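Throughout, protein chains are lettered first and strands after them, A, B, ... in sequence-line order, and every chain is numbered starting at 1. All values reported here derive from a predicted model rather than from experimental measurement.
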2 protein chains.
Amino acid sequence: MKKSEINSSEIARLAGVSRSTVSRVINNYSNVPAETRDKVLKVIEKYNYFPNASAQVLAGKRARTIGLFLIDQGNVSSDILTNMLIVSVIEHASVLDYYVLTHIIRNAKDTEVIRNVREIFYQRRIDGGIFIGAANREPFIEQLIDEGFVVGVVDQELPDHPEPNRIVSNFNNDSGMKQAVAYLAGLGHSRIGVVNGDMNRLSGQTKYEGFKTAMRMCGLQVNPKWVMDGDFHETSGYNAIQTLLGIESELPTAIVAANDSVAFGAIRAIKEHGLLVPDDISIIGFDDHALSEKHHPPLTTIRVDFSAMLKRMTTYLIEKIEQKTLTVKEITLDCSLVVRESCRRI
Amino acid sequence: MKKSEINSSEIARLAGVSRSTVSRVINNYSNVPAETRDKVLKVIEKYNYFPNASAQVLAGKRARTIGLFLIDQGNVSSDILTNMLIVSVIEHASVLDYYVLTHIIRNAKDTEVIRNVREIFYQRRIDGGIFIGAANREPFIEQLIDEGFVVGVVDQELPDHPEPNRIVSNFNNDSGMKQAVAYLAGLGHSRIGVVNGDMNRLSGQTKYEGFKTAMRMCGLQVNPKWVMDGDFHETSGYNAIQTLLGIESELPTAIVAANDSVAFGAIRAIKEHGLLVPDDISIIGFDDHALSEKHHPPLTTIRVDFSAMLKRMTTYLIEKIEQKTLTVKEITLDCSLVVRESCRRI
DNA sequence: CTGAAAGCGCTTACAG
DNA sequence: CTGAAAGCGCTTACAG
């Protein structure tokens with residue numbers, strides 16, 4: 001019933017050695033004879049002793065904890081992707097014997113919120129942190145990096161002279177967009193629109209840039225009326241298409257969505273207008289969201305492996321914390337077209 | 001570029017007071033004159049000082065961190081419900097200024113895994129923990145409670161003489177099952193089957209018990225051939241119905257599924273056999289999963305508010321940690337029928 | 001190979 | 001109202 005209050009002195013006493021030796025055993029020092037070692041381990045085992053983490057950290061060891069910061073004003077909780085991200089980080093950190101402290105940032109512009117995030121680093125609760133969903137070059141993250149904390153940022157630009165404590169990871173959005181446009185062009189589309197993502201995010205920018213480049217390379221014109229704003233959320237796709245269908249008489253035959261959520265929203269709006277996908281308008285997404293395959297119609301999209309990305313990010317971040325891989329600065333993962341049923345030949 | 005290394009001595013020196021006073025200011029002691037307080041706060045603010053968390057904990061303060069333990073052998077990552085649970089806990093802990101250390105337990109029977117979980121408590125990384133997905137009376141959790149740690153367990157029986165450091169939360173599964181059966185009976189069904197959940201879990205047991213009681217109260221017979229095993233996962237629903245449709249010539253007109261995932265699997269199997277829901281067989285689920293509304297057909301189910309449950313669990317757990325609500329032992333939430341299109345009148 | 005001792009950065013009785 | 005000092009439970013040079 002009583003909480004264990006045994007400490008290293010007690011273990012030392014019971015094993016007939018000094019606390020120094022107990023510590024050496026726990027930390028696997030090589031200069032402890034097997035016999036002493038076994039004797040101590042036996043006592044540790046018997047009394048269910050685990051060293052107090054705070055004392056260890058205070059004495060100079062790492063917290064063996066990383067922070068996972070999810071920036072999303074919306075409904076993080078209902079997004080199946082978010083879940084995969086969280087679980088990927090936790091599981092891969094766990095393999096390296098690290099813990100994950102997850103924090104949700106609803107408003108990255110609120111100074112009180114920023115203060116809380118900074119506090120977690122300054123309090124030394126974590127050895128480093130991963131940020132997901134941040135604006136490109138988000139100032140408070142730049143500051144943390146500047147202050148020397150080990151930080152990994154997903155979907156972020158690498159500066160010209162990157163600090164050794166910064167890691168950045170991205171998908172090859174340019175390639176993805178080129179594949180999307182090439183596929184549509186191959187199906188005979190030339191009237192292609194786009195619903196953009198959040199342009200404060202690097203991926204929002206690179207996807208749109210990729211789209212424009214791809215259109216040019218396919219010899220196609222970008223019609224400004226078919227370039228629509230969005231923010232990576234379902235609703236923005238819905239709203240964009242609502243507006244388009246409400247105003248424009250000239251419609252595109254295909255639309256590239258900044259991600260699958262946006263594509264879902266777009267399709268919903270199209271259906272509400274009594275039109276069909278892909279019969280009236282073809283839609284291609286980006287991400288290959290867990291629901292895309294089961295969507296009606298099954299969504300043609302650009303597949304991206306978030307789980308692999310977060311695994312690598314987590315691994316490299318921890319290696320950086322432990323001063324191993326000093327050279328890794330950037331992680332880039334490819335993406336590839338998955339053909340389903342939301343685009344048709346015309 | 002350099003990591004902040006300022007500490008309370010430094011702040012004390014800069015403010016012209018002692019470390020004791022700095023500590024008193026930080027901890028909001030009442031016996032510090034406003035003037036001194038302001039002077040110290042100014043320096044703290046200026047130098048961006050945050051007390052080292054490990055030192056605070058070692059000196060006797062709480063870690064202000066709770067553990068969230070998710071037990072799931074399967075694909076935690078693809079379950080949208082899990083995400084909501086994690087986010088609910090994190091956000092409500094955050095309101096109370098607590099952090100959440102999330103841990104995934106793939107195999108609650110593996111001694112090494114159990115050791116890791118126990119370690120987190122013994123290391124004093126957390127002040128308490130919440131377990132989700134555990135078997136009823138899972139021994140290692142019982143042990144932690146026995147050892148005096150503050151623990152909340154979702155979907156768990158309350159023992160006869162509950163310890164003050166235990167909280168348990170459940171949905172009123174009995175009521176839910178009665179509503180489900182009553183609804184089906186009202187639609188004219190008398191041939192009602194059930195796909196059970198994991199019978200090691202309390203909810204697996206209570207749902208089945210509720211089902212049997214409800215059938216009796218409606219004057220209906222439980223046909224043992226229509227009582228199928230499951231484990232709360234989609235696949236088990238699929239397998240159960242595959243077997244049923246493969247073997248039995250006499251079929252039920254309606255099936256109650258232990259949860260919505262099981263219902264999805266059941267419907268998938270029914271469709272594969274060329275039958276229709278609800279035309280050939282009616283299906284009712286349990287949970288009101290985020291996808292149930294969008295399912296084809298939209299799933300009739302028993303709605304349950306996981307987010308509210310986890311919010312209350314988190315709040316009470318932290319209050320227990322802080323020795324406030326000493327009386328709360330059990331949280332029970334009601335559930336209610338949501339009629340959609342997966343059940344028909346016969 | 002091993003112990004005594006200093007030190008990590010706090011908090012909190014204690015004394016004044 | 002405030003400071004000096006002890007103590008939290010570890011780790012790690014240092015000396016032997």
Discussion item. By the 4.0 Å heavy-atom rule, please label B/Thr36 as base, sugar-phosphate, or nothing.
Written reply: sugar-phosphate
Worksheet item: Contact class for B/Asn31 (heavy atom, under 4.0 Å): base, sugar-phosphate, or nothing?
Response: base
Worksheet entry | Any-strand Watson-Crick or G-U partner of C/dC14, both distances under 3.5 Å | D/dG3
Fill in: Flag if over 12 foreign heavy atoms under 6.0 Å of NZ, A/Lys329
no
Response to the item:
Comparing nearest nucleotides in DNA chain D, the 5'-proximal residue of the pair B/Thr21, B/Gly60 is B/Thr21
Practice prompt. By nearest nucleotide on DNA chain C, pick out whichever of A/Pro33 and B/Arg24 is the more 5' one.
Written response: A/Pro33
Item to complete: Would you check if there is a donor-acceptor pair between the side chains of A/Tyr49 and A/Glu10 at a distance under 3.5 Å?
Response: no
Discussion item. Under a 3.5 Å cutoff, is there a donor and acceptor pairing between the side chains of A/Thr65 and B/Arg125?
Written reply: yes
Worksheet item: Just how far, in rounded Å, is C1' of D/dT11 from CG of A/Asn52?
Response: 13 Å
Item to complete: Find the distance A/Gln56:CD to D/dT12:C1' and express it as a whole number of Å.
Response: 13 Å
Discussion item. Please determine whether a side-chain nitrogen or oxygen atom of B/Tyr29 lies at a distance below 4.0 Å from atom OP1 or OP2 of C/dA13.
Written reply: no
Discussion item. Taking 4.0 Å as the cut-off, does a side-chain nitrogen or oxygen of B/Ser23 come that near to OP1 or OP2 on C/dT12?
Written reply: no
Practice prompt. Assign the ring pair B/Phe131 / B/Phe69 to parallel, tilted or perpendicular, where the plane angle (0 to 90°) is split at 30° and 60°.
Written response: parallel
Practice prompt. Tell whether A/Ser20 reaches the base of C/dA4 with its side chain through a donor-acceptor pair below 3.5 angstrom.
Written response: yes
Fill in: Heavy-atom donor-acceptor pair, B/Arg124 side-chain to D/dG9 base, under 3.5 Å
no
